[in-house]
Colleague: 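Sharing a structure below in structure tokens format, with a few things to ask.
Side-chain atoms are counted along with the backbone in the values below, which use heavy atoms only and exclude waters and symmetry mates. Being a predicted model, the structure only gives us computed values, none of them experimental.
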Amino acid sequence: MPRSIVAACAAFTLALGVAGARAQDASYPNKPVKLLIGFPPGGLLDTVSRIVGERMSGLLGQPLVVDARPGAGGLVATTALVKSPPDGYTLMMVNDNHALNPYILKEVPYDSVKDFAPIGFVGSTPLVFSAHPELGLKSMKDLVEMAKAKSGALTYGSVGPGSLPHLSTALFTQAAGVKMNHVPYKGGAPALNDLLGGHINTMMMSLVVSKSHIDSGKLTPLAVAWKHRLEPLPNVPTMAEAGYPLDAAYWFGLMAPAGTPPAVVAKLEKALADTVAQPEVRKRLADMGTLVTPMNAREFGAFIRSEMAKWKDAVSKANVKIE
């Protein structure tokens, strides 16, 4: 066969392939989309994912089905995402563990930047440093004075080794020059129960978990780990105001596997932006203590890189590594 005919056939085949891909992108989505999360149903991440997924489903014309794959601080779900076809039909609502895991886990089988296509950011839920009222503390200054007077006697809980509350409190103790004993739990519920029961002294936790207990007097809020005071707790100072600058918040954002077609990412990016712009969605998230601060795909990618740099240094200082 003459070379000119071969070349023409190859060009025609390529054109058909490009046209087919464009048509497929234009019709996306034409079936349900799986939305992975790395933690059990019923938690904060699951609730945020369902609120956002429900509204995005209406905008996209196909359901976003939340699929919980808990394990190893989100590693199980994230690995599943990386192994999924980059066609837009498997997404993941990632959280702060995405930036932490490369530094606290012994092995992470993916690159937290290169193997993903950011879609957009939803918001953050700042941590509140609270104490059991039996201690009689009213401020971070009181806590530091007590911790120095009773070196090693005071305890702080966390939802697990290497978790955001663990690392954040470890950074505080180093900055304050005090020693407090870390008591890790397998999840937030048992940790909160022991704090309420006075079995541990302090803990950093989200506002959605702590607010009702603060209102009832069962917990004393000492500071919020955020850039500014929180509207539901206007009289509680920030960590910076207390003399120990620290921003620590659970955060949530949508990602796809690397290689997902740009047209598909753009459609998802717009659907997410339109979703979090809806007053009802913002109110539902705000009622949970989530500050809605949308970012587009490019901004979210830059945010992830900055969070990884921030927590790489923090993990090194806290000397945390999980086998």
Colleague: Are a donor atom and an acceptor atom from the side chains of Tyr89 and Asn30 found within less than 3.5 Å of each other?
Modeller: yes
Colleague: Please name the pair of heavy atoms, one in Val128 and one in Pro221, separated by the smallest distance, quoted to 0.1 Å.
Modeller: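 Val128 and Pro221 have their closest heavy atoms at CG1-CB, 4.1 Å.
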Colleague: Looking at Leu230 and Val224, what are the two nearest heavy atoms and their distance?
Modeller: CD1-CG1, 3.9 Å
Colleague: Which distance, rounded to the nearest 0.5 Å, do you find between the OH of Tyr110 and the CG of Asn101?
Modeller: 5.0 Å
Colleague: May I ask you to check whether over 12 heavy atoms, not counting those of Lys310, lie within 6.0 Å of atom NZ?
Modeller: yes
Colleague: Would you mind reporting whether Val82 and Phe116 have side-chain heavy atoms less than 4.5 Å apart?
Modeller: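 Yes; the side chains approach each other to less than 4.5 Å.
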Colleague: Is any side-chain heavy atom of Asp96 closer than 4.5 Å to a side-chain heavy atom of Trp311?
Modeller: no
Colleague: Which heavy-atom pair separates Trp251 from Ile304 by the least distance, and what is that distance?
Modeller: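 Closest approach of Trp251 to Ile304: CH2-CG1, 4.3 Å.
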Colleague: Check whether Gln174 reaches the backbone of Leu171 with its side chain - one donor and one acceptor, N or O, closer than 3.5 Å.
Modeller: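 Not at all, since once roles are kept as given, no pair shorter than 3.5 Å links the two residues.
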Colleague: Return the CG to CG distance between Leu81 and Leu91, rounded to the nearest 0.5 Å.
Modeller: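 One finds 7.5 Å between CG of Leu81 and CG of Leu91.
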Colleague: Is the backbone N or O of Ala297 less than 3.5 Å from a side-chain atom of Glu269, with the two atoms forming a donor-acceptor pair by type?
Modeller: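 Yes.
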Colleague: For the ring pair Phe172 and Phe129, is the centre-to-centre distance below 6.0 Å?
Modeller: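 Phe172 vs Phe129: aromatic centres under 6.0 Å.
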Colleague: Would you please test Asn181 and Lys179 for side-chain contact (heavy atoms from CB on, under 4.5 Å) and show each step?
Modeller: CA-CA 7 Å; Asn181 286 322; Lys179 182 179 179 182; 4.3 Å; yes
Colleague: Where is the tightest heavy-atom contact between Leu268 and Met56, given as atom of each residue plus distance?
Modeller: O-CE, 3.9 Å
Colleague: Take Asp46 and Phe39 through the test side-chain contact (heavy atoms from CB on, under 4.5 Å) and record every step on the way to the result.
Modeller: CA-CA 7 Å; Asp46 177 62; Phe39 291 83; over 6 Å; no
Colleague: Under 3.5 Å, side chain of Asn296 to main-chain N/O of Glu299, donor-acceptor pair present?
Modeller: yes
Colleague: Hey, does the side chain of Asn201 reach the backbone of Thr155 with a donor-acceptor pair shorter than 3.5 angstrom?
Modeller: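 Checking the backbone N and O of Thr155 against the side chain of Asn201, a donor-acceptor pair under 3.5 Å is found.
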Colleague: Assess whether side-chain contact (heavy atoms from CB on, under 4.5 Å) is satisfied between His199 and Asn193, documenting all intermediate values.
Modeller: CA-CA 9 Å; His199 303 297; Asn193 288 338; over 6 Å; no
Colleague: Within this structure, what is the CD-OG1 distance for the pair Glu134 and Thr220, rounded to the nearest 0.5 Å?
Modeller: 11.0 Å
Colleague: Give the cluster check for Val159 versus Val76: same hydrophobic cluster or not, with ILVMFWY residues linked at side-chain heavy-atom distances below 4.5 Å.
Modeller: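 As far as the 4.5 Å side-chain criterion goes, Val76 and Val159 are not connected within one cluster.
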Colleague: Strictly distance-based, threshold 3.5 Å: is any side-chain N or O of Ser57 a donor or acceptor partner for the main-chain N or O of Leu64?
Modeller: yes
Colleague: Hey, could you give me the CZ/CG distance between Arg69 and Leu36, rounded to the nearest 0.5 Å?
Modeller: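 Going from CZ on Arg69 over to CG on Leu36, the span is 5.5 Å.
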Colleague: Between Leu254 and Leu35, is there a side-chain heavy-atom distance shorter than 4.5 Å?
Modeller: yes
Colleague: Decide yes or no for Phe252 and Val52: does some side-chain heavy atom of the first lie under 4.5 Å from some side-chain heavy atom of the second?
Modeller: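 A side-chain contact under 4.5 Å is absent here.
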Colleague: Donor-acceptor pair, distance only, cut-off 3.5 Å: does the side chain of Ser316 make one with the backbone of Lys312?
Modeller: no
Colleague: Of all heavy-atom pairs between Leu127 and Ser168, which one has the smallest distance, and what is that distance?
Modeller: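 Leu127 and Ser168 have their closest heavy atoms at CD1-OG, 4.3 Å.
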Colleague: Treating Ile, Leu, Val, Met, Phe, Trp and Tyr as nodes and any side-chain heavy-atom pair under 4.5 angstrom as an edge, say whether Leu135 and Leu196 lie in one connected cluster.
Modeller: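 The answer is yes; both residues are in one hydrophobic cluster.
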Colleague: With a 4.5 Å cut-off on side-chain heavy atoms, are His182 and Ser158 touching?
Modeller: yes
Colleague: Using modelled atom types only, decide if a donor and an acceptor are shared between the side chain of Ser210 and the backbone of Ser206 within a distance under 3.5 Å.
Modeller: yes
Colleague: Might you point out which heavy atoms bring Asp274 and Gln278 nearest each other, and give the distance in Å?
Modeller: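 Heavy atoms only, the tightest pair is O-CG, 3.3 Å.
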Colleague: Would Tyr103 and Met308 satisfy side-chain contact (heavy atoms from CB on, under 4.5 Å), going step by step from the backbone distance to the final call?
Modeller: CA-CA 9 Å; Tyr103 309 119; Met308 290 180 68; 3.5 Å; yes
Colleague: I want to check something: taking the side chain as every heavy atom from C-beta on, are Phe303 and Pro118 in contact at a cut-off of under 4.5 Å?
Modeller: no
Colleague: Between Pro234 and Arg229, is there a side-chain heavy-atom distance shorter than 4.5 Å?
Modeller: no
Colleague: Looking at CG of Leu219 and OG1 of Thr202, how far apart are the two atoms once the value is rounded to the nearest 0.5 Å?
Modeller: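 So the gap between those two atoms works out to 11.0 Å.
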Colleague: Quick check for you: to the nearest 0.5 Å, what is the distance between Asp194 atom CG and Ile200 atom CD1?
Modeller: 6.0 Å
Colleague: If Ile, Leu, Val, Met, Phe, Trp and Tyr residues are connected whenever their side-chain heavy atoms lie under 4.5 Å apart, and connections chain through other members, are Ile119 and Leu59 in the same group?
Modeller: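 The answer is no; the residues belong to distinct hydrophobic clusters.
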Colleague: Within the structure provided, determine whether Ser112 and His98 are in side-chain contact (heavy-atom separation under 4.5 Å).
Modeller: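 Sidechains of His98 and Ser112: in contact.
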